[in-house]
Colleague: 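Take a look at the following structure, please.
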Amino acid sequence: MANIETFAQETRIFPPPAAFAKTAAISGMDAYNALCAEANSDYDGFWGRLAREQLTWHKPFTKVLDETDAPFYKWFEDGLLNVSYNCLDVHLQNGNADKVAIVFESDGGDVVKVTYQQLYEKVCRFANGLKSLGIKKGDRVVIYMPMSVEGVVAMQACARIGATHSVVFGGFSAKSLQERIIDAGAVAVITSDEQVRGGKRLPLKSIVDEALALGGCDCIKNVIVYQRTGGNVTFNPGFDLWMHELVANQAADCEPEWVSAEHPLFILYTSGSTGTPKGVQHSSAGYLLWAALTMKWTFDIKPDDVYWCTADIGWITGHTYIAYGPTAVGATQIIFEGIPTFPNAGRFWDMIQRHKATIFYTAPTAIRSLIKAADADEKIHPSQYDLTSLRLLGSVGEPINPEAWMWYHKHIGAERCPIVDTFWQTETGGHMITPLPGATPLVPGSCTLPLPGIQAAIVDETGHDLPNGQGGILVVKRPWPAMVRTIWNNPERFKSTYFPPEFGGNLYLAGDGAVRNKDTGYFTITGRIDDVLNVSGHRMGTMEIESALVANPMVAEAAVVGRPDDTTGEAICAFVVLKRSRPTGDEAKQIAKELRDWVAKEIGPIAKPKEIRFGDNLPKTRSGKIMRRLLRILAKGEEITQDISTLENPGILDQLKEAQ
Ligand code: PRX
């Protein structure tokens, strides 16, 4: 509600700068409206035209959209293509072989530039190496890598041979990795000896060893290790292979595997409302079409741009807007190994200055923490850096509050660069609701309007449209090419999660609440409507964290809720009942620490609760249902003023006020 009120009061409007609009891919609202009208009048024709224009097909498709098995929609199904061919070979044929594809900057500041020709050769050599191990079309390969050129090479090499990759973020624990390996039934893991972040070396290979030792991973035939630091690792010759040895004698060309448009390009696990993460499966052609097109529409990418997305390849943003989108359009992009605060919190601004970045895409959490850092130390304030190369800014992953938006606009964009606040999800494959920088007048805090062809709407609990100004549930009314195809191993869960029968079974349910402005129709996302938290732009399922907590032998019961946090958007707050009596004082602090470390081990450090509170019980109704509504109020530190007459044990509320 707070969000809705803030938005309703927001009157600042920033029209696109004339110079930007002049050369933009979509210039002016008339051009935007014309594309929307084209999609509305001939949906198949619209998408078919774009797929023919944007992608290079080995065999053209004859049918655009097949809805016979809805909601398992199929796009361009009888067409054949290869994603890696579309991201690499086409640029060598277009005279861009020597264009820089990747400017890689290590944590320590070393810079390596890789041209499209070099990237092509690296991908082909590695693809041949994977083939030499017997890895083939349809096999699943888990990638557990640091931010690196090799990470992108690994993803593209899988795409080249038709293997389906599943990237697991390098911050996930051995247990999370093991669960994903088993669910995907992967034949190999690609990892590195260590990763380097913020001046520290962190293990990766040893976590893979630990994951495999947990058992159930007999499907894995090899672990391929990129040597990043040369640190000590346990090596099991024959089973473990060095990446540099595997590629040493491989040919620098590799005939791509031509796959159907619907061939699974990747699986990416993400949190949902239950204890187990969902393997979101994407397609090849529809996904790539949207990755390429949104690079042009939303980022207005031009041949001379130096584009930088700060996401990690372990998340969907790193898939679409690092590994695939920028390469599909032949862009030059920066890939950064490290963290924004090392060696100091001016690192991003320093890198923009040195590499003359023109497009910068980051998360509101990063912006908010850098605002604090800049306020505290003027030496690293953005005003100390030359940021004049920038022409466009982007935001992703969580709502950007108007104050952070204004700071970004003023101090990074010098009031000259449009900001694209891009709303989308792991499941949507690419941007859904976002301003177009040469067309859409911007309003801080609003992701504005759906992209052409995206039929976003706001409905009530019965699936009926709500008028502008009324908050409700965000849905998408028609399928689009980049949408999730299924949940790996669980098509039923796919149907019930995203196309629930209560909504007629044909509306895609995003899982977010939203409201449209009365006058402009602009969308503002009001946050998740399910049990999913958004911490620093990362999705965390409350059930997943609860399951991890109750797996600890000390814990009898746990309930996890989110509370607003100035920097991370939301923070994780856990209410815990131990099997023994409720601890207090230093002992409570000690146990809270143990439980935090436990969650880090079960899921990963990103899931560590910020706060743990102990009680002899949790607030429950007479039928035993935990009243999470009350826990949310307690987590915020607010007084409970509501009616608690249905509560079985009101005395418990006082105990739960104290955080550890
Ligand atoms: O709640 C929305 C929020 O992030 C969720 C998707 O998370 P994930 O699949 O991890 O993908 C993040 C990167 C695309 C959404 O359901 N979200 C994402 N972008 C925005 C946002 N909320 C508000 N504004 C955004 N721009």
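Counting from 1, the numbers follow the sequence of the chain as shown.
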Colleague: Measure the shortest side-chain to side-chain distance between P481 and W290 over non-hydrogen atoms and say whether it is less than 4.5 angstrom.
Modeller: no
Colleague: Under 6.0 Å from the NZ atom of K302, do we count more than 12 heavy atoms belonging to anything else shown?
Modeller: yes
Colleague: Less than 4.0 angstrom from a charged side-chain N to a carboxylate O is my criterion; do R628 and E546 meet it?
Modeller: yes
Colleague: With a 6.0 Å cut-off on ring centres, are W424 and Y321 close enough?
Modeller: yes
Colleague: Can you confirm whether the side chains of E398 and T365 place a donor and an acceptor under 3.5 Å from each other?
Modeller: yes
Colleague: Aromatic contact between Y361 and Y307, with the criterion being ring centroids under 6.0 Å apart: yes or no?
Modeller: no
Colleague: Whether E105 and R347 form a salt bridge (side-chain N of Lys/Arg under 4.0 Å from carboxylate O of Asp/Glu) is what I want to check.
Modeller: yes
Colleague: Only one of L466, D465, N468 forms a side chain to side chain contact (heavy atoms under 4.5 Å, CB included) with I458, so which one is it?
Modeller: L466
Colleague: Using a cut-off of 6.0 Å, state whether more than 12 heavy atoms not belonging to E53 lie near its atom CD.
Modeller: yes
Colleague: Are the ring centres of H381 and H411 closer than 6.0 Å?
Modeller: yes
Colleague: Run the numbers on D350 and R354 for salt bridge (charged side-chain N to carboxylate O under 4.0 Å, His left out), then give the verdict.
Modeller: CA-CA 6 Å; D350 178 48; R354 278 189 289 108; 3.2 Å; yes
Colleague: Can you confirm whether the side chains of R368 and N401 place a donor and an acceptor under 3.5 Å from each other?
Modeller: yes
Colleague: Between H431 and F299, does the ring centroid distance fall short of 6.0 Å?
Modeller: yes
Colleague: Tell me which one of I322, T310, D107 satisfies side chain to side chain contact (heavy atoms under 4.5 Å, CB included) with M147.
Modeller: I322
Colleague: Using a strict threshold of under 4.0 Å (side-chain N to carboxylate O), is an ion pair present between K657 and E638?
Modeller: no
